[in-house]
Amino acid sequence: MHAIILAGGKGERLRPYTQDRPKPMVEILGIPILGYQIEWLRNQGITDVVVACGYRHEVIQDYFDDGRKWGVRIRYSVEREPLGRGGALKQAMALVDGEVCVATNGDVITNVPLREVVDQHRRRGDLATLVLSPFVSPYGIVDVDEDDRITGFHEKPELPYWINAGVYVLDRAVRDLLPDVGDHETTTFPALARQGRLGAYRSRAYWRGVDTIKDLSEVTKELEQRLLSAFLG
């Protein structure tokens with residue numbers, strides 16, 4: 001099973017951490033985000049990883065090399081000029097064998113059960129399947145009654161909506177539908193949705209996107225808590 005990691009982001013909202021490295025190489029508890037992703041992919045049965053990279057790609061290649069130390073085979077699809085996520089994905093898919101592959105944004109920390117996503121994708125016959133995560137309010141919610149009295153508070157509750165988690169399962173045929181330059185999430189995926197060929201896998205597994213310094217701080221605290229809980233049983 002093959003996977004593509006989109007790791008070309010500059011991560012301007014994570015500066016100064018991205019001053020000398022691409023966004024997916026920002027460290028959390030001493031391990032780059034890409035390290036967490038590759039461990040997750042390997043534990044889910046992925047044997048081959050293609051890293052789609054551009055900005056400061058040499059930092060990624062120097063750190064991970066051919067992937068042998070990580071238990072997978074890693075190859076690199078390097079953008080010589082900015083292609084956008086869709087163009088980068090299209091270029092990387094040329095290095096992928098098999099009829100189905102996994103793709104993920106390079107700034108995601110998750111433990112989504114990929115085998116279940118792939119099984120659903122194959123069973124339903126969709127061209128692409130998106131993993132969806134619950135939308136958690138970034139703010140606390142206040143309950144107010146008809147007399148304008150506050151009756152309760154909810155700290156960052158889960159709302160009745162789902163968001164794109166940036167993790168996909170793709171059929172090989174999707175490559176021809178991707179833009180040469182541009183973003184697949186604003187071109188290819190909406191077109192597949194209109195055709196009824198885009199599946200969804202709703203998951204409440206751990207998922208966080210690391211886009212800002214605040215995200216980085218929160219994910220660090222959450223992983224520390226999970227490590228402590230695992231250690232204490």
Side-chain angles (χ1 to χ4, degrees), residues 1-8 24 33-34 36-52 67 70-75 77 83-136 158 160-180 182-209:
M1 193 68 187
H2 290 66
I4 296 169
I5 302 177
L6 297 173
I33 296 171
L34 266 181
Y36 289 97
Q37 289 201 331
I38 290 171
E39 282 291 325
W40 161 60
L41 292 170
R42 182 179 61 80
N43 288 332
Q44 295 295 316
I46 298 297
T47 58
D48 292 73
V49 175
V50 177
V51 180
W70 297 78
V72 295
R73 182 172 69 150
I74 298 178
R75 289 178 290 174
S77 173
L83 299 176
R85 290 188 303 168
L89 181 58
K90 186 172 188 175
Q91 178 176 287
M93 285 188 77
L95 299 177
V96 170
D97 297 327
E99 294 302 314
V100 172
C101 74
V102 172
T104 178
N105 292 338
D107 58 359
V108 169
I109 299 287
T110 186
N111 59 3
V112 168
L114 283 178
R115 290 184 180 89
E116 296 178 13
V117 188
V118 173
D119 287 346
Q120 176 186 297
H121 175 83
R122 286 176 165 152
R123 185 172 64 251
R124 289 169 49 101
D126 294 313
L127 270 185
T129 299
L130 274 60
V131 174
L132 306 182
S133 185
F135 178 47
V136 177
E158 180 181 308
Y161 302 101
W162 295 85
I163 62 174
N164 179 359
V167 178
Y168 334 110
V169 178
L170 307 173
D171 270 22
R172 173 178 289 278
V174 168
R175 184 174 187 272
D176 294 335
L177 306 176
L178 293 169
D180 293 326
D183 193 335
H184 56 288
E185 292 189 358
T186 60
T187 55
T188 307
F189 286 171
L192 290 176
R194 288 191 295 270
Q195 298 167 16
R197 306 171 81 184
L198 187 63
Y201 181 92
R202 288 183 274 197
S203 174
R204 284 188 167 83
Y206 180 81
W207 176 89
R208 285 297 301 263

Rounded distance [0.5 Å steps], [atom1] in [X] versus [atom2] in [Y]:
{"X": "Thr104", "Y": "Leu89", "atom1": "OG1", "atom2": "CG", "result": "11.0 Å"}
{"X": "Tyr168", "Y": "Thr188", "atom1": "OH", "atom2": "OG1", "result": "10.5 Å"}
{"X": "Ile163", "Y": "Leu130", "atom1": "CD1", "atom2": "CG", "result": "11.5 Å"}
{"X": "Asp48", "Y": "Asp97", "atom1": "CG", "atom2": "CG", "result": "7.5 Å"}
{"X": "Arg197", "Y": "Arg124", "atom1": "CZ", "atom2": "CZ", "result": "13.5 Å"}

Looking only at heavy atoms, what is the nearest atom pair of [X] and [Y], with distance?
{"X": "Gly106", "Y": "Pro24", "result": "O-CB, 3.2 Å"}
{"X": "Ile4", "Y": "Met93", "result": "CD1-CG, 3.5 Å"}
{"X": "Val169", "Y": "Val118", "result": "CG2-CG2, 4.0 Å"}
{"X": "Pro113", "Y": "Ser203", "result": "CD-OG, 4.3 Å"}
{"X": "Leu170", "Y": "Ala103", "result": "CD1-CB, 4.0 Å"}
{"X": "Leu178", "Y": "His184", "result": "CD2-CB, 3.6 Å"}

Indicate yes or no for a side-chain donor-acceptor contact from [X] to the backbone of [Y] under 3.5 Å, with no hydrogens or angles considered.
{"X": "Gln44", "Y": "Leu114", "value": "yes"}
{"X": "Gln37", "Y": "Val108", "value": "yes"}
{"X": "Gln120", "Y": "Thr129", "value": "no"}
{"X": "Arg172", "Y": "Gly98", "value": "yes"}
{"X": "Arg42", "Y": "Thr47", "value": "no"}
{"X": "Asn164", "Y": "Gly166", "value": "yes"}
{"X": "Ser133", "Y": "Ala165", "value": "no"}
{"X": "Asn111", "Y": "Tyr206", "value": "yes"}
{"X": "Lys90", "Y": "Pro179", "value": "no"}

I'd like to know whether Leu127 forms a side-chain contact (heavy atoms from CB on, under 4.5 Å) with Leu198, so could you lay out the CA-CA distance, the side-chain angles of the two residues, the decisive distance to 0.1 Å, and finally the verdict. CA-CA 6 Å; Leu127 270 185; Leu198 187 63; over 6 Å; no

Go through the steps for Asn105 and Val167 under the test side-chain contact (heavy atoms from CB on, under 4.5 Å), then give the verdict. CA-CA 7 Å; Asn105 292 338; Val167 178; over 6 Å; no

Determine, stepwise, if the pair Met1 / Val102 fulfils side-chain contact (heavy atoms from CB on, under 4.5 Å). CA-CA 8 Å; Met1 193 68 187; Val102 172; 4.0 Å; yes

Is it true that Tyr201 and His121 share a donor-acceptor pair across their side chains at a distance under 3.5 Å?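 Tyr201 and His121 do not have a side-chain donor-acceptor pair below 3.5 Å.
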
Kindly indicate whether a cation-pi arrangement holds for Arg202 with Trp162, taking the cut-offs as under 6.0 Å to the six-membered ring centre and within 45° of the axis. yes

Considering only heavy atoms from C-beta outward, does the side chain of Val117 approach that of Val112 to under 4.5 Å? yes

Beyond-backbone contact of Val51 with Ile74, side-chain heavy atoms, under 4.5 angstrom: yes

Before you tell me yes or no, could you show the steps for Leu83 and Asp180 under side-chain contact (heavy atoms from CB on, under 4.5 Å), namely the whole-Å CA-CA distance, both residues' side-chain angles and the distance that decides it to 0.1 Å? CA-CA 7 Å; Leu83 299 176; Asp180 293 326; over 6 Å; no

Dump the intermediate steps for salt bridge (charged side-chain N to carboxylate O under 4.0 Å, His left out) on Arg85 and Asp183, then the final yes or no. CA-CA 5 Å; Arg85 290 188 303 168; Asp183 193 335; 2.9 Å; yes

